[in-house]
Amino acid sequence: MEINLGSLPFDIDFHPSDSLVATGLINGYLLLYRYAAETEPQRLVKVRAHKESCRATQFIHEGCAIVTGSPDCSILGTDVETGAKIAHLQNAHAAPINRIINLTEATIASGDDAGCVKIWDTRQQSCCNTFEVHEEYISDLTFASDSMRLLATSGDGTLSVCSVRSNKVQAQSEFCEDEPLSVVIMKNGRKVVCGTQTGTLLLYSWGFFKDCSDRFVDLSPNPVDALLKYDEDRVITGSCNGLISLVGILPNRIIQPIAEHSDYPVERLAFSHDKKLLGSISHDNVLKLWDMDELLQGSSTVTRNETAASGSDSGSDGDGMDVDSDLSNTSRGTKTKNNGKASSSSFGSFFAEL
């Protein structure tokens with residue numbers, strides 16, 4: 001299934017429980033589509049969210065609203081049903097916003113081009129913390145919900161770990177020449193995987209973030225712009241050459257190339273709420289929805305190329321990185337969904353008082 005967006009997309013996100021997908025475009029527009037099997041996708045919303053590009057797109061409040069971030073330094077809240085603006089924080093950051101992700105039912109995180117990461121608490125109706133940990137742009141964010149740790153990769157060549165619970169910078173890796181572009185948490189929270197500018201996958205052991213414990217160098221000579229966790233042992237990668245691959249982690253192996261979006265870089269990857277569809281965007285102005293069952297047919301019969309760089313999964317690195325006492329709980333938890341849906345008015349009041 002293909003959707004011609006008419007302009008270059010920067011980010012995509014799927015509704016957490018419905019057959020909806022949202023994308024933000026370089027021209028500042030936010031698009032929302034409903035998709036269904038064997039039918040043409042239906043565009044529900046097209047709004048000019050920002051005067052500049054719409055870099056970050058994220059469903060919040062159980063899918064009642066979408067937040068977007070822009071180089072104009074603002075965060076906008078849009079109602080999913082009506083497409084109406086319900087909140088607008090004009091000076092959320094001092095630099096262009098690059099990434100936004102959900103943390104808990106009441107908090108989101110945003111990262112900008114100056115390396116600043118902010119946590120927004122809807123209950124307190126304010127920015128509850130700011131982490132000035134990086135010197136260059138935030139390339140990606142991910143969250144460990146069980147230990148309340150926010151992980152960020154940056155153009156300064158480092159990975160950081162910030163404690164949302166204690167509002168402290170937990171750890172930061174040493175400078176790495178392989179500039180990290182994407183990040184996921186694997187192996188039930190024991191490993192962190194970063195995609196890099198050189199195409200190498202860097203593996204860090206949880207709690208030992210000073211230096212990577214493994215490198216998988218056989219994936220691609222092209223930048224790995226997008227990572228999407230499939231399960232605890234497999235990750236889907238999107239490369240600068242347009243190739244989408246299924247990759248095993250520890251043992252590190254290319255299980256199989258599963259799709260080719262185009263000849264252009266894969267900007268983002270995302271799963272539908274039921275994980276039956278994989279969404280990908282690239283510089284060809286097309287959003288593609290791939291059937292996962294079809295993509296993974298025959299994956300078990302593909303020859304696996306083991307890398308010599310593969311290491312153990314014991315997480316026994318000893319670089320002496322200080323960690324908080326609650327790091328002992330390293331199993332990746334699942335977020336508990338709120339039984340009630342947050343209203344558009346409550347989201348608007350949050351931003352109105354910021």
Side-chain angles (χ1 to χ4, degrees), residues 8-12 55-56 98-99 101 111 134 136-142 151-160 173 175-187 191-204 209 211-271 278-284 288 290 295-296 299 302 304-311:
L8 191 152
F10 272 124
D11 200 7
I12 57 171
R55 286 188 184 176
N98 195 44
R99 294 291 286 143
I101 65 167
H134 292 286
E136 296 288 344
Y137 71 97
I138 301 299
S139 56
D140 202 8
L141 296 167
T142 193
L151 281 68
T153 52
S154 170
D156 64 9
T158 66
L159 164 73
S160 67
S173 70
F175 170 77
C176 179
E177 294 181 358
D178 295 323
E179 179 183 325
L181 303 176
S182 47
V183 60
V184 293
I185 302 172
M186 306 280 292
K187 296 290 182 178
K191 293 291 180 179
V192 175
V193 182
C194 296
T196 69
Q197 186 71 35
T198 64
T200 298
L201 295 185
L202 305 180
L203 279 65
Y204 292 84
F209 294 102
D211 196 7
C212 63
S213 56
D214 293 282
R215 293 174 184 262
F216 181 37
V217 299
D218 293 345
L219 175 60
S220 172
N222 302 283
V224 180
D225 294 318
L227 289 178
L228 181 63
K229 177 180 174 180
Y230 181 68
D231 56 28
E232 298 302 334
D233 302 311
R234 294 174 291 178
V235 63
I236 297 175
T237 66
S239 298
C240 194
N241 60 357
L243 195 63
I244 301 172
S245 301
L246 183 65
V247 176
I249 299 299
L250 294 172
N252 302 331
R253 63 195 185 278
I254 302 173
I255 297 176
Q256 72 174 119
I258 56 176
E260 185 175 7
H261 184 106
S262 67
D263 293 331
Y264 302 104
V266 177
E267 284 286 339
R268 297 290 178 200
L269 298 168
F271 280 129
L278 169 69
S280 64
I281 54 172
S282 182
H283 297 181
D284 60 353
K288 294 188 178 183
W290 309 86
L295 291 182
L296 298 181
S299 63
V302 175
R304 287 158 167 75
N305 298 317
E306 303 292 343
T307 174
S310 178

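Any value given below was found using the heavy atoms of this structure, including those in side chains, with hydrogens, waters and symmetry copies removed.
Panel note: side chain K288, backbone S262; no donor-acceptor pair is recorded below 3.5 Å. No side-chain donor-acceptor contact under 3.5 Å links S139 to the backbone of G155. D178 places no side-chain N or O within 3.5 Å of a backbone atom of T198 that could act as its donor or acceptor partner. Remark: side-chain polar atoms of S220 are paired, donor with acceptor, to backbone N or O of N222 under 3.5 angstrom.
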Give the intermediate values and the outcome of side-chain contact (heavy atoms from CB on, under 4.5 Å) for residues L278 and I244. CA-CA 10 Å; L278 169 69; I244 301 172; 4.2 Å; yes
Between R99 and T142, does the side-chain contact (heavy atoms from CB on, under 4.5 Å) criterion hold? Intermediate values first, please. CA-CA 10 Å; R99 294 291 286 143; T142 193; over 6 Å; no
What verdict does the side-chain contact (heavy atoms from CB on, under 4.5 Å) test give for L181 and V224, after you've listed the backbone C-alpha separation in whole Å, the side-chain angles of each residue and the deciding distance to 0.1 Å? CA-CA 7 Å; L181 303 176; V224 180; 6.0 Å; no
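Within the 4.5 Å cutoff, the side chain of V247 has heavy atoms near those of the F216 side chain. Residues L250 and M186 form no side-chain contact, since every pair of their non-hydrogen atoms from C-beta on lies 4.5 Å or further apart. In this structure, the side chains of N241 and E260 stay at 4.5 Å or more apart for every pair of heavy atoms. By the 4.5 Å heavy-atom criterion applied to side chains, S173 and T158 are counted as neighbours.
Going from atom CG of L201 over to atom CG of N252 covers 7.5 Å, rounded to the nearest 0.5 Å.
In this structure, Y204 and C194 approach most closely via the heavy-atom pair CE1-SG, 4.1 Å. The two atoms that bring K229 and F271 nearest to each other are O-CE1, 3.3 Å, heavy atoms only. Closest approach of S280 and I12 over heavy atoms only: N-CD1, 4.0 Å. The nearest pair of heavy atoms linking P265 to S282 is O-OG, 2.5 Å. Scanning all heavy atoms of the two residues, the minimum distance from P9 to E267 falls at O-CG, 4.1 Å. The two residues D225 and S182 come nearest to each other via the heavy atoms O-CB, 3.6 Å.
V235 pairs in a side chain to side chain contact (heavy atoms under 4.5 Å, CB included) with only one of the listed residues (L269, L246, L227, L228), which is L227.
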